[in-house]
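So that the names make sense, note that chain A is the first sequence line, chain B the second, and so on, each numbered from 1.
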Protein chains: 2
Amino acid sequence: MGTPLSRDPIADARRNWEEHGWADVAASMAAITAIMRTQQILLARIELTLKPFGLTFARYELLALLSFARNGSLPMKKASTLLQVHPTSITNAVDRLQDAGLVRRSPHPTDGRTTLVELTAEGRTLAKRSTAALNTGVFSDPGFEPDDIDQLIRILRDFRRNAGDFLGS
Amino acid sequence: MGTPLSRDPIADARRNWEEHGWADVAASMAAITAIMRTQQILLARIELTLKPFGLTFARYELLALLSFARNGSLPMKKASTLLQVHPTSITNAVDRLQDAGLVRRSPHPTDGRTTLVELTAEGRTLAKRSTAALNTGVFSDPGFEPDDIDQLIRILRDFRRNAGDFLGS
DNA sequence: GTTGAACCATTGGATGTCCTAGTATATTGC
DNA sequence: GCAATATACTAGGACATCCAATGGTTCAAC
């Protein structure tokens, strides 16, 4: 982006919190704000990598999910649940992927309420190629130390479980 | 926010990566995906807490930033830099905060290119009240262990520095 | 001084997310 | 079997974010 700041803005915010009598929650505020900013940086990198494929991250996630499904197809609701986004976000993504010829809708064989989303041949190819691009362009050098990656995975798994994302021990 | 899944979807994705020959980047993929999901959960909590005040997180951040500024005013560009968002996002936020009577625009005394944003009395009051709500409603019980919060702050600070957010040792 | 490069804010366009209905189909209870 | 409830998808609206382009203003080089 722009020129680097001379100081960490989140550390400054934490100082402000401490100086205003909120020292007890200052660290928590700093951690949460840092997660927000980190997500923003990572999303920008991912979107940049996916741009040549005409994909956004939202559409890529759906494509990747379908590529791992049994027949390359899933009910819309199932995709919404697994990707943990609002059903309307899936409708939106499927609309655009369908326009691009990467997926197609089909009725569920036994449940008239349900619509299946299915990868087309082009969709499967693009899923492979874009995943390869993300692996080499983003995931292979994420900017975290290996030990820190393990820490992150553990800390965020605990958080997500406590938040009710999934059951577990 | 529906029913919890029976399995961690990110752990499943990691397994898929490993089974497709991308084991070397699977952990990194899992960590990044977990950050995305964690951000989503936290943002939802924050927005829920801010809703009674008629604020979104984007507008709250600007309000809070102004409340810590010397005269309660900053150049738009400065706000954009400190909050690390695109200038147009600031324009958008200021438009809405101004409509709500919480901030006001004024010309810069010496630089004709620059516009200052300034907190109104109502804006300052709302900043205080909404910050108190976030402190008690979100930051006081973030869902991380205290030790993990310190780990997060360190890991994400290193990441942001490496990403060019700010200079530092 | 003039002129051209750099900088600031805004507008318009594309996306994505969520929420609130509204429509259609399933399932459950009596 | 029929009514009441639950579930699945879609349509429309509110917001936020980014990018590209536009109109002003400032600054620096000559």
A.B. asks: Does the pair R14(A)/E18(A) count as a salt bridge with the N-to-O cut at 4.0 Å?
C.D. replies: yes
A.B. asks: Quick one, which residues of residues 45-73 of chain A touch DNA chain D with a heavy atom under 4.0 Å?
C.D. replies: none
A.B. asks: So, N16(A) versus W22(A): side-chain donor-acceptor pair below 3.5 Å or not?
C.D. replies: no
A.B. asks: Looking only at side chains, do R104(B) and Q98(B) share a donor and an acceptor under 3.5 Å apart?
C.D. replies: no
A.B. asks: Please report the distance, rounded to the nearest Å, between CG in L83(A) and P in dT17(C).
C.D. replies: 10 Å
A.B. asks: Name the orientation class of the two ring planes belonging to F68(A) and W17(B) (parallel below 30°, tilted from 30 to 60°, perpendicular beyond 60°).
C.D. replies: tilted
A.B. asks: Please say which of R124(A), K128(A), E122(A), R129(A) ends up in a side-chain contact (heavy atoms from CB on, under 4.5 Å) with L126(A).
C.D. replies: R129(A)
A.B. asks: Within this structure, what is the CG-to-P distance between L43(B) and dC15(D), rounded to whole angstrom?
C.D. replies: 15 Å
A.B. asks: H108(A) has an atom NE2; how far is it from atom P of dT27(C), in whole Å?
C.D. replies: 10 Å
A.B. asks: Roughly, in whole Å, what's the span from CZ in R96(B) to P in dA14(D)?
C.D. replies: 10 Å
A.B. asks: Can you tell me how far P of dC18(D) sits from CD of Q84(B), to the nearest Å?
C.D. replies: 11 Å
A.B. asks: Indicate, with a heavy-atom threshold strictly under 4.0 Å, whether S80(A) touches base, sugar-phosphate, or nothing.
C.D. replies: nothing
A.B. asks: Go along nucleotides 1-13 of chain C 5' to 3' and tag each nucleotide: B for a protein heavy atom under 4.0 Å from its base, S when only backbone or sugar atoms are that close, - otherwise.
C.D. replies: ------BSSBB--
A.B. asks: Near R105(A) CZ, under 6.0 Å, is it more than 12 heavy atoms from other residues, nucleotides or ligands?
C.D. replies: yes
A.B. asks: Closest heavy-atom contact between A133(B) and F53(B)?
C.D. replies: CB-CE1, 3.5 Å
A.B. asks: Grab the two heavy atoms, one from S130(A) and one from L55(A), that are nearest each other, plus how far apart they are.
C.D. replies: OG-CD1, 3.8 Å
A.B. asks: Nearest-Å distance, CD (Q40(A)) to P (dT17(D))?
C.D. replies: 8 Å
